[in-house]
Amino acid sequence: MTSHATQRASGPTGGVAHGNLPRTAATALAPLVWGTTYIVTTELLPPGHPLFAGLLRALPAGLIALAITRTLPRGAWWGKAAALGVLNIGLFLPLLFIAAERLPGGVAATLGAAQPLVVAVLAVTVLHERLSPWRLFWGVTGVVGVGLVVIGPNAALDIVGVVAGLAGAATMGLGVTLTKRWGRPAGVSPTAFAGWQLSAGGLFLLPLTFLVEGAPPAIDLTAALGYLWLGLVGGLITYALWFRGITSLPVTSVAVLGLLSPLVAAVLGAVLLGQTLGPIQLLGFGLSLAAIVAGQLRPPTRSPAPTSTPTLEGNTR
């Protein structure tokens, strides 16, 4: 059941109307918070257990959401929620951690920044929207900008890490696109919708985590605070905002907001870890921010011919 009322709020041309600016800003909070994941993981959590971190980020938050909302999927939504949970959470997080472990952080972040390009292509095949050169151009610009910000001169490539990074971008891109296609069931809150997916993704990760990593690590107070931040703020709250935005805003506009995550990670690295941002990094920041802003605007359209009858353009972007 797709919420057509919320989809129409973005306007017929696929841009962001003034009334949607608060919702766009709220959706942007999700990737902003996700940008703290790297520094929380490296500075607060025990090393060598990335899947366990993903499990604690997903499953407890999902179960809390289900307990609060007391809303379970019905009918076909059992299968849809499971599929979305595996794509958006269960598969994406392990691929993300594999890429992060086998590649320099900058390379992994740049591969992840390809997600808007994946969504732009999938919007044509899955959502039957018209291919937008505007979206593709700014998607490429965003990837280049993120690369300039986070890739250092000594970046090395590992084939497994590269494949994992690209697969993660593709998996999340498909999950975002299907979330837009299926919408959110009528009467189901964003918190419940996020809870379905977090629970499904967490249950998918549960056996995988113990099979790959074995027993969980010892958790001290610092690690507990880190897991709490990743689970409640970086999991429950942000995913509710993210899925709310996907179902009510143009999907390509939401996808490009994901570029905020590596930018926040770079800023935190400079402020808290003493990492430097030179002129090239600042140029990359400018390109990435321009791509984010342009991704929220209506693509320019040609003026209709003088003899044509004005018509409303369909939902083509």
* Asked: For the side chain of T238 and the backbone of V233, is there at least one donor-acceptor N/O pair under 3.5 Å apart?
  -> yes

* Could you give the distance from CG (L127) to NZ (K180), rounded to the nearest 0.5 Å? -> 8.0 Å

* Asked: Any donor-acceptor pair under 3.5 Å linking the side chain of T171 with the backbone of F92?
  -> no

* To do: For E213 and L51, indicate whether the former's side chain and the latter's backbone hold a donor-acceptor pair under 3.5 Å.
  => yes

* Per the side-chain contact (heavy atoms from CB on, under 4.5 Å) rule, which among T247, V251, L87 passes with T179? -> T247

* Minimum heavy-atom separation for G231 to A61, with atom names? -> O-CB, 3.3 Å

* Stepwise side-chain contact (heavy atoms from CB on, under 4.5 Å) check, S199 with L66 -> CA-CA 8 Å; S199 297; L66 294 182; 3.4 Å; yes

* Is there side-chain contact between L208 and P94, with at least one heavy-atom pair below 4.5 Å? -> yes

* **Pairwise distance CG(L272) to CD1(I39) - rounded to 0.5 angstrom** => 4.0 Å

* Using the side-chain contact (heavy atoms from CB on, under 4.5 Å) rule, pick out the option among L241, V176, L178 that qualifies with I246. => V176

* Asked: Can L44 be reached from L228 by stepping across I, L, V, M, F, W or Y side chains whose heavy atoms are under 4.5 Å apart?
  -> no

* Within residues 204-234 or reaching into it, pairs that qualify as ring-ring contact (aromatic ring centres under 6.0 Å, His included) - sequence neighbours excluded -> F52-Y227

* **CD1-OG1 distance between I64 and T191, expressed to the nearest 0.5 angstrom** => 12.0 Å

* Asked: Cluster question for you: counting only ILVMFWY and a side-chain heavy-atom cut-off of under 4.5 Å, with indirect links fine, are L203 and L63 together?
  -> yes

* **Euclidean distance, L249 CG relative to Q296 CD, rounded to 0.5 Å** => 8.0 Å

* Asked: Does the Q115 side chain pair with the main chain of A169, one donor and one acceptor, at a distance under 3.5 Å?
  -> no

* Asked: If two hydrophobic side chains count as joined below 4.5 Å and joins carry through other members, does L206 share a cluster with V212?
  -> yes

* Roughly how far, to the nearest 0.5 Å, is the OG1 atom of T141 from the CG atom of L136? -> 10.5 Å

* With side-chain contact (heavy atoms from CB on, under 4.5 Å) as the test, would you mind laying out the steps for W78 and L72 before giving the verdict? => CA-CA 8 Å; W78 281 103; L72 294 175; 4.2 Å; yes

* **Greater than 12 external heavy atoms within 6.0 Å of I280's CD1** => no

* Atom pair CG (L93) and OG1 (T209), whose distance is rounded to the nearest 0.5 Å -> 9.5 Å

* State, yes or no, whether a side-chain contact exists between I237 and L232 at a heavy-atom distance under 4.5 Å. => no

* **Validation row: L84, W182 side chains within 4.5 angstrom (heavy atoms)** => yes

* Asked: Do L59 and L205 pass the side-chain contact (heavy atoms from CB on, under 4.5 Å) test, and can you show the C-alpha distance, the side-chain angles, and the key distance before you say yes or no?
  -> CA-CA 9 Å; L59 189 55; L205 279 172; over 6 Å; no

* Answer yes or no: is there a side-chain heavy-atom contact under 4.5 Å between W77 and V188? => no

* Structure fact -> Correct closest heavy-atom pair for P217 and H49 would be CD-CD2, 3.6 Å

* With no hydrogens and no angle check, is any side-chain donor or acceptor of T36 less than 3.5 Å from a backbone partner on V33? -> yes

* Aromatic centroids of W242 and F193 separated by under 6.0 Å -> no

* **Single-linkage hydrophobic cluster L166~V121, side-chain heavy atoms < 4.5 angstrom** => no

* If you look at every heavy atom in I219 and A224, which pair is closest and at what distance? -> CG2-N, 3.7 Å

* **Proximity of W196 and Y239 rings by center, below 6.0 Å** => no

* 4.5 Å side-chain heavy-atom contact, L289 and L263 -> yes

* Looking at side-chain heavy atoms only, is the closest gap between P116 and T252 below 4.5 Å? -> no

* Check: W34 side chain, G258 main-chain N or O, donor-acceptor pair, under 3.5 Å -> no

* Structure fact -> When every non-hydrogen atom of R57 is compared with those of L230, the smallest separation belongs to CG-O, 3.3 Å

* To do: Please report the shortest heavy-atom distance between P60 and L55, naming the atom on each side.
  => CD-O, 3.5 Å

* **Which atom of A240 lies closest to which atom of P190, heavy atoms considered** => O-CB, 3.7 Å

* Could you tell me whether a side-chain N or O of S288 sits under 3.5 Å from a main-chain N or O of V146, the two making a donor and an acceptor? => yes

* L282 with L259, same ILVMFWY side-chain cluster at under 4.5 Å -> no

